[in-house]
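The block underneath contains the structure these notes are about, expressed in structure tokens.
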Amino acid sequence: MAELKLYNSLTRKKQVFEPIDASHIRIYACGPTVYSYAHIGNARMAVVFDVLSRLLRGLYPKVTYVSNITDIDDKIIKAAQDSGEKIDVITKKYADIYNEDMASLGVIAPDIQPRATAHIEGMIDIIKVLIEKKHAYEADGHVLFHVPSFAEYGGLSGRSRGEQIAGARVEVASYKRDPADFVLWKPSKGDKPSWNSPWGDGRPGWHIECSAMAAAHLGLPFDIHGGGADLKFPHHENEIAQSCCANGDESDLASFSKYWVHNGFVTVNGEKMSKSLGNVVLAHDLVKDHEGETLRMTLLAAHYRQPLDWTDSSIAQSKKTLDHLYQNLREIADIEIDDNTALPDSFMDALCDDINTPKAIAALSELAKTAVETRSAALKSQLIAAANLLGLLQHDPDIWLGYGVTGDDINTDHIEDLLHQRTDARSNKDFARSDEIRDELLAMGIAIEDTPSGAIWKKI
RNA sequence: GGCGCGGUGGCAGAGAGGAUAUGCAGCGGAUUGCAACUCCGUGUACACCGGUUCGAAUCCGGUCUGUGCCUCCA
């Protein structure tokens, strides 16, 4: 079995993955806050951790992958106020759309997708423990985590307390004992959603949500915690603080999650996606215009820790690469495969080397080429098995490439008729007519290929 | 200011002391009536300057440059 190595953000080193319990791997990844459509950055996270969980399933007997939905948050409250819709309507709508869009990208739903609002009690319990242990205090209706109470604070992001304060650009609320203290619980006034708590009606801070959901579904410590690189600070740092102080070992940052995996950012045409630049690319829009598999390929074409620049040409290039793989597959369509084939070493070695998907895709290309060359059932089986793990090549090659497709806008009889006319023209060496028909078909979006067994057509 | 991550051939993008990455595009060829599809062949690539080494894109130091985070953020 290939040895899995992961870059652990906590130790800042690539390490051999040594599970806490090899009979059951437990992984958590921070999911979206559902106040709007997911953008391509959310999609990258979903696809990256989907691949990681698929890989883990290939290596270990049991994997539990938890990825949450944050359904209570200031941004959601604002979205509700702006739109006039109820909060639970908004969160259900966008959570559903998120799951549909991710499914389009070939993302297998997490084993458990907890909602923050269903874990308020768990959050309150953690906060109680933190107060008992003097890691948190109540002030002005808020409960705050007291950062100086946790000596190891900053270990994930590599920031000392002084550095954080020096860099802080937000006004410090007067009720904070220390500028770095962060909110665990805050009062909810008026029509804002609230829950009963020992500190009055209120709602949880963002960071406590993930601590509670991860603990509830995975137990502590668990193997891998993931998310986007920007979550490292403060979100993940604060999760560690809460969880280690409440239920873990205060002197061991790994007593919450042993490994931390962070995916890099997506930029759009070289710029950071932001609302102010108006360049936010939504997964929901992309899946309307492109095959989900093409988008998935584009997201996997760069190593997950590297920045990924999203452009039209990067999508087009992925489409071409996939087309070629499908062409290869089409040529060996008649070969029966063995569904129980072991994954090829070149491919697994790449994936096990810190999820090196570009290298794994290169292995896929080479495998496809060799499979066509040798017409080997074993190699084709390996190719399919490898592609399945990445969630690629899931379509019928003929359909993907448009051969003989039917549809409302395609008049098959008319096409076949023109094709016969062209064949006749060609046999009479009337190439002018032959080319005329080809152009006519092309104008209809139909391309012709002449094969030894006659002309065939495909939709382009 | 602090903490990070990069700078690889036309483009995308791996590699991390000594091999051909891979894909797309381009060019040449095979095939074709011509194409398309496919196949074969084809690349002065490693920001710059020093250093270490028998040997550096890969290690060390410096310079330039891009970019992210610093309590909204995947």
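We name chains A, B, ... by the order of the sequence lines, and we start the count at 1 in each one. Atom set for the values below is all heavy atoms of this structure, side chains included, hydrogens, waters and symmetry mates excluded. All of these numbers come straight from a predicted model, not from anything done at the bench.
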When the distance from [atom1] of [X] to [atom2] of [N] is rounded to whole Å, what number comes out?
X: A/K320; N: B/rA36; atom1: NZ; atom2: P; answer: 12 Å
X: A/Q317; N: B/rC24; atom1: CD; atom2: C1'; answer: 4 Å
X: A/L231; N: B/rG4; atom1: CG; atom2: C1'; answer: 15 Å
X: A/I361; N: B/rC24; atom1: CD1; atom2: P; answer: 13 Å
X: A/M297; N: B/rG23; atom1: CE; atom2: C1'; answer: 8 Å
X: A/L441; N: B/rA36; atom1: CG; atom2: C1'; answer: 13 Å
X: A/M273; N: B/rC72; atom1: CE; atom2: P; answer: 19 Å

Kindly point out which of [options] is positioned nearest to the side chain of [X]?
X: A/F182; options: B/rU38, B/rA21, B/rU71; answer: B/rU71
X: A/V266; options: B/rA74, B/rU71, B/rA36; answer: B/rA74
X: A/W206; options: B/rC39, B/rC34, B/rC73; answer: B/rC73
X: A/K75; options: B/rC34, B/rC73, B/rC70; answer: B/rC73
X: A/D230; options: B/rC69, B/rU71, B/rC72; answer: B/rC69
X: A/E366; options: B/rU22, B/rA74, B/rG33; answer: B/rU22
X: A/A180; options: B/rU71, B/rC34, B/rC39; answer: B/rU71
X: A/D450; options: B/rA74, B/rA35, B/rC40; answer: B/rA35

Do [X] and [Y] have a side chain donor and acceptor closer than 3.5 Å?
X: A/H235; Y: A/E239; value: yes
X: A/Q242; Y: A/N238; value: no
X: A/Y326; Y: A/D398; value: no
X: A/Y94; Y: A/D71; value: no

When the [atom1] atoms of [M] and [N] are compared, how many Å lie between them, rounded to an integer?
N: B/rC5; M: B/rG9; atom1: C1'; result: 23 Å
N: B/rG4; M: B/rU22; atom1: C1'; result: 29 Å
N: B/rU67; M: B/rC72; atom1: P; result: 23 Å
N: B/rA25; M: B/rC11; atom1: C1'; result: 7 Å
N: B/rC60; M: B/rU20; atom1: C1'; result: 29 Å
N: B/rG15; M: B/rG7; atom1: P; result: 10 Å
N: B/rG51; M: B/rA21; atom1: C1'; result: 29 Å
N: B/rC37; M: B/rA74; atom1: P; result: 42 Å

OP1 or OP2 of B/rU71 under 4.0 Å from side-chain N/O of A/H235: no
Partner nucleotide, any strand, of [N] [Watson-Crick/G-U, under 3.5 Å]:
N: B/rG18; result: B/rC54
N: B/rG68; result: B/rC3
N: B/rU38; result: B/rA30

Looking at every strand, decide which applies to [X] at a 4.0 Å heavy-atom threshold: base, sugar-phosphate, or nothing.
X: A/R422; result: base
X: A/R426; result: base
X: A/G264; result: base
X: A/G228; result: sugar-phosphate

Worked verdict on A/D230 versus A/K272 for salt bridge (Lys or Arg N to Asp or Glu O under 4.0 Å): CA-CA 12 Å; A/D230 58 325; A/K272 181 188 156 107; over 6 Å; no
Result of checking A/D349, A/L389, A/L55 against A/L343 for side-chain contact (heavy atoms from CB on, under 4.5 Å): A/L389
Test applied, ring pair (Phe, Tyr, Trp, His ring centres under 6.0 Å); reference residue, A/H207; option that passes from A/F182, A/W185, A/F233: A/F182
Under 3.5 Å donor-acceptor pair, A/R438 side-chain atoms to B/rC34 base atoms: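 In this structure, the two groups form a donor-acceptor pair.
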Proximity of A/F222 and A/F256 rings by center, below 6.0 Å: yes
A/A363 or A/E449, whichever maps to the more 5' nucleotide of RNA chain B: A/A363
Mind listing the N/O atom pairs, protein and nucleotides 13-16 of chain B, below 3.5 Å?
| residue | atom | partner | partner atom | Å |
| --- | --- | --- | --- | --- |
| B/rA14 | OP1 | A/H303 | N | 2.6 |
| B/rA14 | O3' | A/N356 | ND2 | 2.9 |
| B/rG15 | OP1 | A/N356 | ND2 | 2.8 |

